Visitor: 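Quick one: the structure is below, questions incoming.
Everything numeric in this text was worked out from a predicted model, so none of it was measured. Naming convention: chains lettered A, B, ... in sequence-line order (proteins, then strands); numbering from 1 in each chain.
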There are 2 protein chains.
Amino acid sequence: MTDQHSTLRARRRAQTRRTIQAHAVRLFSERGYDATTMNDVAEAAGVSPMTVYRHFATKEDLVLVDQHAELVAERIVASPAGGPLVRRIGGALIDAATALTGDADRQLLLARLQLMISTPALRARHLDNQYALQQAIIGALGDDATDPDTAFQAQAAASACLAALHTALVRWAEDDGRTDLPELIGKALAAVFGDDAVGPVR
Amino acid sequence: MTDQHSTLRARRRAQTRRTIQAHAVRLFSERGYDATTMNDVAEAAGVSPMTVYRHFATKEDLVLVDQHAELVAERIVASPAGGPLVRRIGGALIDAATALTGDADRQLLLARLQLMISTPALRARHLDNQYALQQAIIGALGDDATDPDTAFQAQAAASACLAALHTALVRWAEDDGRTDLPELIGKALAAVFGDDAVGPVR
DNA sequence: ACCAAGTTGGTAGTGACTATCATGAGGGTA
DNA sequence: TACCCTCATGATAGTCACTACCAACTTGGT
């Protein structure tokens with residue numbers, strides 16, 4: 001629907017959005033998140049404060065916005081429905097991480113992640129995003145939500161997988177992205193569930 | 001240090017603090033968190049807005065403040081140092097939950113938890129508090145932080161335990177506190193780590 | 001009675017965020 | 001080419017969380 005306008009207008013909009021976010025992340029990293037105002041970001045990006053709010057609903061979104069949930073969810077749906085929960089979820093997380101860290105703006109991803117971890121307000125909202133991701137995963141699993149016990153187990157398994165993911169992300173950020181992220185996620189999952197639960201050794 | 005003043009002054013201060021929080025949680029539950037201003041809280045509690053800020057640094061703290069971390073940490077320290085991580089941490093969480101749900105202001109705890117889960121801003125900060133609790137747990141484990149791999153495994157185990165805790169808390173809040181919280185936590189841990197990992201069946 | 005310290009209240013600000021209206025630049029249609 | 005219609009952007013004024021800063025009052029010990 002809103003996609004294939006692809007005309008000049010859409011490209012410009014996407015461009016200003018990228019510009020704003022790039023300047024925002026840069027300023028936040030340089031001066032600190034709290035010490036940077038929305039006006040500072042607008043000025044650096046060469047737009048009015050209003051335009052910043054048009055593209056990012058909150059200051060936190062300047063760092064946090066992503067739609068990785070879809071990426072993970074579609075891999076969950078594609079995974080064999082019969083397998084153990086942890087393997088399905090863990091595999092999807094590793095696959096998604098492989099795709100993301102191969103991406104061009106991997107540096108931006110790393111900078112954003114480091115901000116998320118070091119800034120309390122951002123860390124909180126990041127964790128909440130993970131919680132939203134958890135609900136997306138539950139939905140993608142396609143299990144019958146009718147049985148409360150099954151649902152409870154799915155919640156528990158997914159939350160633990162995401163906890164492992166977060167542990168790996170923190171480690172990755174601390175290493176400035178030098179280590180292989182998918183491998184780190186695999187190690188974290190193995191540390192939680194045991195070496196055999198995650199799948200064949202890479 | 002700051003405790004045994006216990007004189008009239010300290011008791012009054014504690015009293016106003018309780019009054020403010022009680023009115024705040026009531027208003028938040030009735031009208032919604034975002035629809036209630038700090039002035040509303042102050043007015044309902046019969047104090048000036050300044051006084052509210054003196055007792056609670058942020059609006060979120062009106063719902064979130066607790067020092068459960070110490071409660072858990074001291075139980076971790078008391079647990080046998082040799083055992084498996086998951087059992088030590090899980091046991092401490094269950095013990096702490098048993099103590100808290102037996103408490104007098106259990107209703108307040110439940111109301112606060114329901115607010116935390118339903119309000120995005122509060123949920124985010126609650127999850128961040130869990131993250132802080134995780135660090136407290138890691139510290140209480142007393143493991144050598146020198147070995148990065150050991151530390152990484154401790155982080156992964158602790159984060160997964162807290163994820164299970166959170167799953168149990170959500171379920172408890174949904175049930176309006178009717179189910180037994182410690183038992184729920186045990187089930188969540190069992191769902192994540194397998195039935196044998198948590199300890200002898202209750 | 002007197003002083004020190006702690007609790008409270010008032011004022012004036014900053015900064016995130018919203019609502020509303022105005023303007024000018026695409027982009028399809030006659 | 002001329003005409004709208006949409007949409008991205010901008011400016012203004014306002015709300016609300018939160019922060020100094022200063023003033024007044026109460027309590028507890030000497």
Visitor: May I ask you to evaluate whether A/Thr16 reaches the phosphate of D/dT9, defined as a side-chain N or O under 4.0 Å from OP1 or OP2?
Guide: yes
Visitor: Side chains of residues 171-178 of chain B: which donor-acceptor pairs under 3.5 Å do they make with residues two or more places apart or in other chains?
Guide:
unit_1: B/Trp172; atom_1: NE1; unit_2: B/Thr179; atom_2: O; d: 3.1
unit_1: B/Asp175; atom_1: OD2; unit_2: B/Thr179; atom_2: OG1; d: 3.1
unit_1: B/Asp176; atom_1: OD1; unit_2: B/Gln114; atom_2: NE2; d: 2.7

Visitor: Could you give the distance from NE2 (A/His126) to OH (B/Tyr131), rounded to the nearest 0.5 Å?
Guide: 9.0 Å
Visitor: Give every donor-acceptor pair under 3.5 Å between a side-chain atom in residues 132-141 of chain B and any protein atom, sequence neighbours left out.
Guide:
unit_1: B/Gln134; atom_1: NE2; unit_2: B/Gln155; atom_2: O; d: 3.4
unit_1: B/Gln134; atom_1: NE2; unit_2: B/Gln155; atom_2: OE1; d: 2.8
unit_1: B/Gln135; atom_1: OE1; unit_2: B/Gln155; atom_2: NE2; d: 3.4

Visitor: Go through the steps to decide whether A/Lys187 and B/Asp149 satisfy the test salt bridge (charged side-chain N to carboxylate O under 4.0 Å, His left out), and finish with yes or no.
Guide: CA-CA 10 Å; A/Lys187 278 190 193 169; B/Asp149 266 352; 5.1 Å; no
Visitor: Which pairs pass side-chain hydrogen bond (donor to acceptor under 3.5 Å, both in side chains) with one or both residues in residues 68-79 of chain A, sequence neighbours excluded?
Guide: A/Ser79-A/Arg88
Visitor: Quick check on contacts: within residues 50-65 of chain A, what sits under 4.0 Å from DNA chain D by heavy-atom distance?
Guide: A/Met50, A/Thr51, A/Arg54, A/His55
Visitor: Send over the distance from B/Arg17 CZ to C/dT7 P, rounded to a whole Å.
Guide: 12 Å
Visitor: Look at A/Asp66 together with A/Arg112 and state whether they make a salt bridge at an N to O cut-off of under 4.0 Å.
Guide: yes
Visitor: Under 3.5 Å, which N/O atoms of the protein pair with N/O atoms of nucleotides 26-30 of chain D?
Guide:
unit_1: D/dT26; atom_1: O2; unit_2: B/Arg9; atom_2: NH2; d: 3.2
unit_1: D/dT27; atom_1: OP1; unit_2: B/Arg12; atom_2: NH1; d: 3.0
unit_1: D/dT27; atom_1: OP1; unit_2: B/Arg12; atom_2: NH2; d: 3.3
unit_1: D/dT27; atom_1: O4'; unit_2: B/Arg9; atom_2: NH2; d: 3.3
unit_1: D/dT27; atom_1: O2; unit_2: B/Arg9; atom_2: NH2; d: 2.6
unit_1: D/dG28; atom_1: OP1; unit_2: B/Leu8; atom_2: N; d: 3.0
unit_1: D/dG28; atom_1: OP1; unit_2: B/Arg9; atom_2: N; d: 3.4

Visitor: B/Arg11 has an atom CZ; how far is it from atom C1' of C/dG6, in whole Å?
Guide: 16 Å
Visitor: Please evaluate residues B/Arg26 and B/His23 with respect to the criterion side chain to side chain donor-acceptor pair (under 3.5 Å), reporting the C-alpha separation (whole Å), side-chain torsions for both, the decisive distance (0.1 Å), and the verdict.
Guide: CA-CA 5 Å; B/Arg26 180 179 57 78; B/His23 282 282; 3.0 Å; yes
Visitor: Answer yes or no: is there a donor N or O on one side and an acceptor on the other, between the side chain of A/Asp40 and the main chain of A/Thr37, under 3.5 Å?
Guide: yes
Visitor: Expected output is a numbered-order residue list: members of residues 33-46 of chain B with a heavy atom under 4.0 Å from any atom of DNA chain D. What is it?
Guide: B/Thr36, B/Thr37, B/Met38
Visitor: Are B/Arg125 and A/Asp128 close enough for a salt bridge, meaning some N to O gap below 4.0 Å?
Guide: no
Visitor: Might you work through the side chain to side chain donor-acceptor pair (under 3.5 Å) test for A/Arg18 and A/Gln15, ending with a clear yes or no?
Guide: CA-CA 5 Å; A/Arg18 269 193 301 273; A/Gln15 179 56 41; 3.3 Å; yes
